[in-house]
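Everything on this sheet refers to the single structure shown next.
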Amino acid sequence: MMHTASRESYAAAAARLAAYAEGATPGAVAATADEIGGVAQLLGREPRLRRALADPARAGQERAGLLRSTLTGKVGEPALDVLDALAGGRWSSAAELVTAAETLVVDGLLAAADAAGELAEVEDELFRFGQVVSGTSRLSATLGDATVDPARRIALVADLLGGRARPVTVQLVALAVRGFGGRGFESGLHRLVELAAEKRERQVAYVTVAAPMDADAQGRLAAALADQYGREVSMRFEVDPSVVGGMSVQVGADLYDGTIARRLAETRKALTAR
């Protein structure tokens with residue numbers, strides 16, 4: 001969670017990116033987001049630069065000029081324009097500046113997917129890849145191993161998803177590999193699914209059931225959750241026979257666990273407490 005000054009600075013840069021995205025092609029927006037991503041990586045590698053750009057003793061115009069002089073000729077003007085706003089803002093810490101730069105990458109990629117009419121598919125691909133990873137212990141360990149060069153792990157992602165997922169999806173998964181927002185790989189991927197849903201003005205509901213639900217049951221559940229949360233819900237299902245029956249639903253920090261497995265666990269605990 002960014003502090004107030006950092007949130008305002010990020011919002012100014014995000015508004016500039018959104019204005020650019022409205023008049024650009026999806027491919028151009030994705031390319032600009034990729035350039036901003038390269039700068040976010042640069043800031044992550046160069047502590048002196050990121051500290052200088054977050055230094056409150058420097059005027060915003062001076063900080064923006066410093067970053068522009070570093071990047072001119074290396075990234076396009078649309079990316080430079082967004083980064084001018086980023087560097088010229090006020091930052092509570094250098095770490096929050098890096099987080100904001102990473103978030104702008106996500107904003108740009110999701111805007112590109114939205115403009116191309118692919119946002120729902122990107123959200124679904126992110127979720128399904130997360131399921132594959134979490135269900136394969138070796139793959140989960142490899143992609144989540146921060147001691148392994150990110151380039152090697154990203155190459156693995158490209159091999160796994162190349163031709164099977166949209167380019168924006170692959171770029172977002174690469175961001176998760178690099179530790180989006182200081183998170184681990186699977187946590188970062190989870191957050192990206194939520195951000196894709198938020199872009200679609202939806203809330204994500206993670207539903208765990210013992211067996212697949214039919215379409216009518218899914219529709220009733222979606223309607224009930226939409227009524228409760230006041231917005232459309234993007235439901236993500238996981239079939240787990242170990243829950244025995246019933247279902248658990250997680251929406252943000254809210255967990256509704258009505259599984260038989262939970263009830264049996266509570267019964268065993270009550271019996272052993274006597």
> Given D254 and V249, is the side chain to side chain contact (heavy atoms under 4.5 Å, CB included) satisfied, shown in steps?
Replying inline: CA-CA 8 Å; D254 299 333; V249 180; over 6 Å; no
>> Quick one, Y20 with E77, criterion side-chain hydrogen bond (donor to acceptor under 3.5 Å, both in side chains). Give me CA distance, side-chain angles, the key distance, then yes/no.
In response: CA-CA 11 Å; Y20 162 71; E77 187 59 35; over 6 Å; no
>> Assess the residue pair R68 and L83 against the criterion (side chain to side chain contact (heavy atoms under 4.5 Å, CB included)); give the C-alpha distance rounded to whole Å, side-chain angles, the decisive distance to 0.1 Å, and a yes or no.
In response: CA-CA 8 Å; R68 181 172 277 267; L83 292 165; over 6 Å; no
>> For a salt bridge (charged side-chain N to carboxylate O under 4.0 Å, His left out) check, start with the C-alpha distance between E123 and K199, then their side-chain angles and the critical distance, and finish with the verdict.
In response: CA-CA 10 Å; E123 180 190 333; K199 180 71 174 176; over 6 Å; no
> Should S134 and E186 be marked as a side-chain hydrogen bond (donor to acceptor under 3.5 Å, both in side chains) after you check the CA-CA gap, both sets of side-chain angles, and the distance that decides it?
Replying inline: CA-CA 8 Å; S134 63; E186 292 189 47; 4.7 Å; no
> Between E201 and E232, is a side chain to side chain contact (heavy atoms under 4.5 Å, CB included) present by the stated rule, with each step listed?
Replying inline: CA-CA 7 Å; E201 299 183 348; E232 292 297 308; over 6 Å; no
> Given V82 and L104, is the side chain to side chain contact (heavy atoms under 4.5 Å, CB included) satisfied, shown in steps?
Replying inline: CA-CA 9 Å; V82 173; L104 287 171; 4.0 Å; yes
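The heavy-atom pair separating D81 from R16 by the smallest distance is OD2-CD, 2.9 Å. Taking both residues in full, the closest heavy atoms of R166 and V122 are given as CD-CG2, 4.1 Å, listed atom of the first, atom of the second, then distance. Here the shortest heavy-atom pairing between V29 and A21 reads CG2-CA, 3.7 Å. Shown here for R153 and V177, the closest heavy-atom pair between the two residues is NH1-O, 3.3 Å. In terms of heavy atoms, A52 sits closest to L66 at CB-CD2, 3.8 Å. In this structure, F180 and R191 approach most closely via the heavy-atom pair CE2-CG, 3.9 Å.
The OG1 atom of T259 sits 9.5 Å away from the CG atom of D240 when rounded to the nearest 0.5 Å. Considering CG of D216 and CG of D214, their distance stands at 5.5 Å, rounded to 0.5 Å. The CD atom of E8 sits 9.5 Å away from the OG atom of S92 when rounded to the nearest 0.5 Å. Taken to the nearest 0.5 Å, the CG atom of D114 stands 9.5 Å off from the CZ atom of R200. In this structure, L80 CG and T32 OG1 are separated by 10.0 Å, a value rounded to the nearest 0.5 Å. Note that CZ of R183 is 8.5 Å distant from OG1 of T99, once rounded to the nearest 0.5 Å.
L225 is not connected to V204 by any chain of hydrophobic side-chain contacts under 4.5 Å among Ile, Leu, Val, Met, Phe, Trp and Tyr, and they are in different clusters. Neither V239 nor V243 shares a network with the other; the hydrophobic side chains, linked directly or stepwise wherever heavy atoms of I, L, V, M, F, W or Y lie under 4.5 Å apart, form separate groups for each. Cluster annotation: Y256 is connected to M213 through the hydrophobic network of ILVMFWY side chains, with a link wherever side-chain heavy atoms come within less than 4.5 Å. If you chain together hydrophobic residues whose side chains sit under 4.5 Å apart, V132 and F237 never meet in one group. L160 and V148 fall into different hydrophobic clusters, defined by Ile, Leu, Val, Met, Phe, Trp and Tyr side-chain heavy atoms under 4.5 Å apart, directly or through other members.
You'll find the side chain of V251 stays beyond 4.5 Å of the side chain of V233, heavy atoms only. Within the 4.5 Å cutoff, the side chain of D34 has heavy atoms near those of the Q171 side chain. In this structure, R51 and D55 have side chains that are not in contact, with every pair of non-hydrogen atoms separated by 4.5 Å or more. Residues L195 and E198 have side chains in contact (heavy-atom distance under 4.5 Å, counting atoms from C-beta outward). Between L67 and D84, the closest side-chain pair of non-hydrogen atoms is not below 4.5 Å. Between W91 and L86 the shortest side-chain heavy-atom distance falls below 4.5 Å. Contact annotation: the side chain of V173 approaches that of F185 to within less than 4.5 Å [non-hydrogen atoms, C-beta and beyond]. By the 4.5 Å heavy-atom criterion applied to side chains, T208 and M247 are not counted as neighbours.
Checked against F129 for a side-chain contact (heavy atoms from CB on, under 4.5 Å), the options L143, V170, V193 give a single hit: L143. Checked options V39, L110, I36, L172; the residue passing with V105 is I36 (criterion: side-chain contact (heavy atoms from CB on, under 4.5 Å)).
Remark: the backbone N or O of M2 is not paired with any side-chain donor or acceptor of S6 at under 3.5 angstrom. When atom types are taken as modelled, the side chain of E102 and the backbone of A40 share no donor-acceptor pair closer than 3.5 angstrom. In this structure a side-chain-to-backbone donor-acceptor pair under 3.5 Å is missing from R58 to R63. Using a distance-only test at 3.5 Å, with no hydrogens or angles considered, no donor-acceptor pair links the side chain of R202 to the main chain of A197. Looking only at distances, no side-chain donor or acceptor of T136 sits under 3.5 Å from a matching main-chain atom of L139.
One finds a salt bridge joining R262 and E266 here, because a Lys/Arg side-chain nitrogen approaches an Asp/Glu carboxylate oxygen to under 4.0 Å.
Counting heavy-atom neighbours within 6.0 Å of R128 CZ, excluding the residue itself, gives a total of 12 or less. With a 6.0 Å radius and a threshold of 12 heavy atoms from other residues, nucleotides or ligands, Q61 has its CD atom at or below the threshold. Around the CZ atom of R7, the shell of radius 6.0 Å holds more than 12 heavy atoms that belong to other residues, nucleotides or ligands. Enclosure of atom CZ in R152 is not indicated, since only 12 or fewer non-hydrogen atoms of other residues, nucleotides or ligands lie within 6.0 angstrom.
Side-chain contact check for Q203 and S234: no donor-acceptor pair (N or O, by modelled atom type) lies under 3.5 Å.
In this structure, Y206 has its ring center under 6.0 Å from that of H190.
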